[in-house]
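The structure appears below as structure tokens.
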Amino acid sequence: MVETRSFRDEVIGWVAGGPGGSAGEPASRPGVRTAVLLEGLSDLAAVEALAARRGRDLAAEGVCVVPMGGAMNVGRYADLLGQPGLGLRLVGLCDEGERRFYDRGLQRAGARHGDVFVCVTDLEDELIRALGTARVEEVVRAEDDFRAWRTFLHQPAHRGRPRQQQLRRFLGTKKGRKIRYGRILVEALDSGQVPAPLDDLLASL
């Protein structure tokens, strides 16, 4: 696990413009064979939470899950990790609106078209729909965020919107909240409630 995280950190640093001359070296030490390209840290939290629920040790299986800091970075990560670079298998999870960036970047890197799993709107929206708004509000209350949620609902900009949209927006209003709830909402799912893009992604690894 430590080696895989070190490899991930080195890759992120290389793409960010840091020294990347040895980026290929750690790939063999942790036995990485697959890189999962995610848009951000909330997606990472959700994927890791679902893997843990199912008793999967992705690092031990040779899977490195990489938060890219935005879909527009996918081309650089794909070039480094895919066939043009380290030759790893590439898998992606993205929002519907960002699919074009993934298609372009992964195709250029030799990845298969079917290895990108797409969320309608985004993963938070998928999780809220899977759980139902009443259950998500229960989770928000259990996490001691209910007072902030009620304050949010009284803001004029959010009144009258569908509850699902309100909850999705609420998760993004405070730094770190969306990341925290990426894990929490996955842990709240019943086994048959896992959104298809997330479920299919894990099954593909």
Side-chain angles (χ1 to χ4, degrees), residues 1-16 20 22-71 73-74 76-83 85-95 98-99 102 105-106 109-119 122-124 126-127 130-131 176 178-205:
M1 175 67 78
V2 173
E3 287 185 338
T4 302
R5 286 179 176 169
S6 297
F7 171 70
R8 179 172 69 194
D9 291 345
E10 185 173 351
V11 167
I12 292 172
W14 189 95
V15 171
S22 62
E25 184 182 346
S28 59
R29 291 210 299 268
V32 176
R33 58 175 179 79
T34 300
V36 181
L37 303 181
L38 305 176
E39 293 188 48
L41 292 171
S42 61
D43 300 325
L44 173 65
V47 170
E48 289 186 335
L50 183 59
R53 279 192 57 171
R54 294 183 173 174
R56 300 276 302 273
D57 184 343
L58 296 182
E61 296 174 24
V63 178
C64 183
V65 187
V66 183
M68 302 182 298
N73 294 323
V74 69
R76 299 184 69 188
Y77 279 95
D79 285 346
L80 173 62
L81 297 171
Q83 292 304 319
L86 299 178
L88 304 180
R89 177 192 174 213
L90 300 180
V91 178
L93 179 73
C94 68
D95 303 344
E98 314 298 345
R99 176 67 185 265
Y102 271 70
L106 271 64
R112 296 181 303 178
H113 181 77
D115 283 340
V116 178
F117 302 93
V118 183
C119 299
D122 56 25
L123 183 55
E124 288 74 32
E126 294 274 1
L127 291 170
L131 283 165
K178 189 162 70 168
I179 298 170
R180 182 163 61 94
Y181 275 92
R183 172 185 58 79
I184 291 168
L185 294 182
V186 167
E187 291 174 346
L189 293 166
D190 291 334
S191 59
Q193 291 181 312
V194 179
L198 189 58
D199 194 30
D200 293 344
L201 168 70
L202 201 64
S204 76
L205 302 175

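Computed from heavy atoms alone, side chains included, the values below leave out hydrogens, waters and symmetry copies.
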What's the separation between atom [atom1] in [X] and atom [atom2] in [Y], rounded to the nearest 0.5 Å?
X	Y	atom1	atom2	result
L81	T34	CG	OG1	11.0 Å
L90	D115	CG	CG	8.5 Å
E124	D43	CD	CG	6.0 Å
L80	L86	CG	CG	5.0 Å
L127	C119	CG	SG	8.0 Å

Under 3.5 Å, is there a donor-acceptor pair between the side chain of [X] and the main chain of [Y]?
X	Y	value
R183	L44	no
R33	G62	no
E39	D95	yes

So, R8 and E48, do they make that salt bridge, N to O below 4.0 Å?
-> yes

After noting the C-alpha distance and the side-chain angles of L106 and L37, does the key distance pass the side-chain contact (heavy atoms from CB on, under 4.5 Å) rule?
-> CA-CA 10 Å; L106 271 64; L37 303 181; 4.1 Å; yes

Where is the tightest heavy-atom contact between F7 and C64, given as atom of each residue plus distance?
-> CD2-SG, 3.8 Å

Can you name the nearest heavy-atom pair linking L93 to Y102, along with the distance?
-> O-OH, 3.2 Å

Starting from the C-alpha separation in whole Å, work towards a yes-or-no answer on side-chain contact (heavy atoms from CB on, under 4.5 Å) for Y181 and I184.
-> CA-CA 5 Å; Y181 275 92; I184 291 168; 4.3 Å; yes

Pair up each side-chain donor or acceptor in residues 192-205 with any protein partner under 3.5 Å, not counting sequence neighbours, and list the distances.
unit_1 : atom_1 : unit_2 : atom_2 : d
Q193   : OE1    : D190   : N      : 2.7
Q193   : NE2    : A130   : O      : 3.3
D199   : OD1    : R54    : NH1    : 2.7
D199   : OD1    : R54    : NH2    : 2.9
S204   : OG     : L201   : O      : 2.7

Intermediate values then yes/no, side-chain contact (heavy atoms from CB on, under 4.5 Å), V116 and C94 = CA-CA 7 Å; V116 178; C94 68; 3.8 Å; yes

With side-chain contact (heavy atoms from CB on, under 4.5 Å) as the test, would you mind laying out the steps for V65 and L58 before giving the verdict?
-> CA-CA 8 Å; V65 187; L58 296 182; 3.8 Å; yes

